[in-house]
There are 2 protein chains.
Amino acid sequence: MDRNHLRYRLAALDFLEEEDWSLLDRLLERHQFATPGEIVVLEKQELKLTRVILSGWGFRFRSLPDGRRQILNFLVPGDVVGYYATVIARSDCGVEALTDMEYAVFPASDLVEVSRTNPRLMLALGWIAGQSERILDEQITRIGSRNARIRMAHMLVELYVRLRKAGLDRDQSSALPVTQAILADALGMSAVHANRTFRSLAAQGWISREHGAIRLEDIRKLSAIASFDHDYLDHGEVPPPTLGAIEDALSPD
Amino acid sequence: MDRNHLRYRLAALDFLEEEDWSLLDRLLERHQFATPGEIVVLEKQELKLTRVILSGWGFRFRSLPDGRRQILNFLVPGDVVGYYATVIARSDCGVEALTDMEYAVFPASDLVEVSRTNPRLMLALGWIAGQSERILDEQITRIGSRNARIRMAHMLVELYVRLRKAGLDRDQSSALPVTQAILADALGMSAVHANRTFRSLAAQGWISREHGAIRLEDIRKLSAIASFDHDYLDHGEVPPPTLGAIEDALSPD
DNA sequence: GCGGTGCATTAACATATGTTGCGTGCCCAC
DNA sequence: GTGGGCACGCAACATATGTTAATGCACCGC
């Protein structure tokens, strides 16, 4: 399991040193497992743990008074859950596994020490957190201002792209382990309408279903109708000036 | 201007020391101003600055291909914009002022040093960032799974609560400087429908308009129909166990 | 083989929301 | 004052989406 996807994603940043990597390894020592449908984190739970998804899929969600639920975002390998748990004690959202899932757990307060001893690593983890926030922005835009077809296409492409960035190859990342009901919860629409929308996209041959999963058949077409911005998750490759600034800030050490 | 609202909000955390406060003051030394309607941050702009709202209102938004825009969240005094700018160079959303606004600006890379020298302060700022993320979660839930009336009521109450927590008194915080068009952009609905919804709430006497602003007349009723969770922004008062953990993590200093 | 159970599909109908277009009142610059 | 711009109000109609309810189909345990 040493080839975890967080490592892969962080490598793109290209400024971590040997000691950062080894501290990261120690941080991620303790692993836990979950099976499909398992609730990993309960809502409204006192929570002082940070988790890192190592393999498999899940999602963060909130339940509504009327029994429905809203999926806030999906979790893929390399994602961090509970980054702020040190300062925000209660978790307001639950986490559920979609597939078999392996994740690392450590006390959130460890991050306080990390920030003191290895600011570079902390910065790198902050980068991951920042990406999540950007994904939330995108989710808001998707739900708030697009119709069902575009919403669904956009969501599917985003998941595909995130998986590829997490290091999964084309074939692994074009079969998404989500049911239409899950998609409906994520996109804020009824299951029936999700099905209508799904069939409409499937009729054009852009997606298809296989078992309880969805296969992307034509990612270009999907990106096109959703006017998906392929750059939007790309800012990982920190450009030289910024990297310089980091070194400057660190150098008076 | 020494009584800035970030200071007020951070005071609730109750673990910052004298040196943290003075570093914060130095960080927020440089102020800038904006007038209503002014674009403070352009979309898709290289951005290596972090900003802290000191007074006034604004919002983060994204433009859509068809000319509409989605408001991601509102900014009130004490909010931080561009917390991750060190690692995520490009800003994907713009920031616009709603009222006269004063804000502090500093290079995002300063935060790297803060995290090394004053992890407590960094933690405190992370708490602010964590609250913003929670607000995004709420925005997703609001847009994704509630009808127009509830969405609007919920949003209005949230703004009211956030203002009060930022230190504004009841009267200042029950008049919100937003037009119905702004609300529509925030709630992901058409301006006409926002107006319908507004009038429906106004007909019950729960809100009213005054000039270009909205006055909340009955916050209890609004909270009730929106089943607004008054705790959800409350986790600021870090409970003893967590605070203990922070001290533990810091003590081997 | 049988009967579940979970997911997908479909139809008919109800409702929420979007669109277009026009009218009103207010404030402000000239 | 007056003309223009802006926020708001409103009606009629078009459309997207929700609801309910029933059906089919695969998989699985027994």
Side-chain angles (χ1 to χ4, degrees), chain A residues 35-38 64-71 96-99 142-156 175-203 207-215 225, chain B residues 35-38 64 66-71 96 98-99 142-156 175-204 207-215 225-226:
Chain A
T35 54
E38 189 176 334
L64 299 156
D66 63 8
R68 290 179 308 159
R69 69 179 174 188
Q70 174 69 44
I71 290 178
E96 182 174 322
L98 270 174
T99 65
R142 193 161 34 214
I143 299 184
S145 9
R146 307 199 228 248
N147 69 21
R149 262 170 69 91
I150 297 183
R151 258 185 287 183
M152 186 172 288
H154 197 280
M155 172 107 261
L156 295 174
L176 312 175
V178 293
T179 66
Q180 293 176 20
I182 295 285
L183 220 44
D185 284 347
L187 298 175
M189 61 177 90
S190 69
V192 171
H193 199 58
N195 178 260
R196 273 200 278 260
T197 309
F198 181 93
R199 275 179 295 122
S200 148
L201 292 173
I207 57 179
S208 64
R209 52 178 285 240
E210 80 188 6
H211 309 297
I214 294 176
R215 171 161 288 281
I225 69 155
Chain B
T35 55
E38 188 177 333
L64 298 156
D66 62 10
R68 290 179 310 160
R69 70 181 173 184
Q70 174 69 42
I71 290 179
E96 183 175 322
L98 270 174
T99 64
R142 195 163 30 215
I143 299 184
S145 7
R146 307 200 226 249
N147 69 20
R149 262 170 70 89
I150 297 183
R151 257 185 287 183
M152 186 171 289
H154 198 279
M155 171 108 263
L156 294 174
L176 313 174
V178 293
T179 66
Q180 292 176 20
I182 295 285
L183 263 187
D185 284 349
L187 298 175
M189 61 177 89
S190 69
V192 171
H193 199 57
N195 179 258
R196 271 200 279 260
T197 309
F198 181 92
R199 277 178 293 123
S200 147
L201 291 174
Q204 324 226 16
I207 58 181
S208 64
R209 54 178 282 240
E210 78 187 10
H211 309 295
I214 294 177
R215 169 162 290 281
I225 71 156

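The figures that follow rest on heavy atoms only: side chains count, while hydrogens, waters and symmetry mates do not. Each chain gets a letter, A, B and so on, in the order the sequences are listed, and its residues count up from 1.
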| request: Ignoring backbone atoms, establish whether Gln180(B) has a side-chain N or O less than 4.0 Å from OP1 or OP2 of dC6(D). | output: no
| said: Show, in sequence, the C-alpha distance, side-chain angles and deciding distance for Glu38(A) and Leu98(A), and conclude whether the side-chain contact (heavy atoms from CB on, under 4.5 Å) test is met. | reply: CA-CA 8 Å; Glu38(A) 189 176 334; Leu98(A) 270 174; over 6 Å; no
| message | What contact category does Ala191(A) fall into here, base, sugar-phosphate, or nothing, at under 4.0 angstrom with non-hydrogen atoms? | response | nothing
| task | Describe the nucleic acid contact of Thr179(B) in one word from base, sugar-phosphate, nothing, applying a heavy-atom distance below 4.0 Å. | result | sugar-phosphate
| field | Integer-rounded Å distance: dT9(C) P and Arg196(A) CZ | value | 13 Å
| request: May I ask you to say what Ala181(A) touches in the nucleic acid, namely base, sugar-phosphate or nothing, with a heavy-atom cut-off under 4.0 Å? | output: sugar-phosphate
| task | Select from Thr197(B) and Val192(B) the residue whose nearest nucleotide in DNA chain C is closer to the 5' end of that strand. | result | Thr197(B)
| message | Distance check needed: dT17(D) C1' versus Arg151(B) CZ, whole Å only. | response | 12 Å
| request: Could you tell me whether the side chain of Arg68(A) has a donor or acceptor atom within less than 3.5 Å of a complementary atom in the base of dG18(D)? | output: no
| said: Nearest whole Å is fine: how far is dT17(C) C1' from Met152(B) CE? | reply: 13 Å
| message | Under the criterion side-chain contact (heavy atoms from CB on, under 4.5 Å), I'd like the reasoning laid out for His154(A) against Arg146(A): C-alpha separation, chi angles, the key distance, then a yes or no. | response | CA-CA 10 Å; His154(A) 197 280; Arg146(A) 307 199 228 248; 3.9 Å; yes
| said: Between C1' on dT19(D) and CG on Asn147(B), what's the gap in Å once rounded to a whole number? | reply: 15 Å
| field | Closest nucleotide among dG18(C), dA8(C), dC8(D) to the His193(B) side chain | value | dG18(C)
| note | Side-chain contact check for Met189(A): nearest option of dA12(D), dG18(D), dT10(C) is dG18(D)
| request: Could you tell me the separation between the CZ atom of Arg215(B) and the C1' atom of dC8(D), rounded to a whole number of Å? | output: 19 Å
| request: Give the C-alpha distance, both sets of side-chain angles, the deciding distance and a yes or no for side-chain contact (heavy atoms from CB on, under 4.5 Å) between Leu187(B) and Thr197(B). | output: CA-CA 11 Å; Leu187(B) 298 175; Thr197(B) 309; over 6 Å; no
| request: Would you classify Gly37(B) as touching base, sugar-phosphate or nothing, given that sugar-phosphate means primed atoms plus P, OP1 and OP2, and contacts are heavy atoms under 4.0 Å? | output: nothing
| request: Look at the side-chain N and O atoms of Arg146(A) and state whether any lies under 4.0 Å from the OP1 or OP2 oxygen of dG18(C). | output: no
| query | Would you say the base of dG9(D) and the side-chain of Arg209(B) have a donor-acceptor pair closer than 3.5 Å? | reply | no
| query | When you check the phosphate oxygens OP1 and OP2 of dT10(C), does a side-chain N or O of Arg199(A) lie under 4.0 Å from one of them? | reply | yes
| message | Could you tell me how far apart Glu210(A) (CD) and dA8(C) (P) are, to the nearest whole angstrom? | response | 13 Å
| field | Spacing of Asn195(B) atom CG relative to dT17(C) atom C1', expressed in whole Å | value | 14 Å
| message | Nearest 0.5 Å, please: how far is CG in Leu176(A) from CD1 in Ile207(A)? | response | 9.5 Å
| field | Arg151(B) versus Asn147(B), side-chain donor and acceptor atoms under 3.5 Å | value | no
| request: Please state how far atom NE2 in His211(A) lies from atom P in dC27(D), giving the value in whole angstrom units. | output: 7 Å
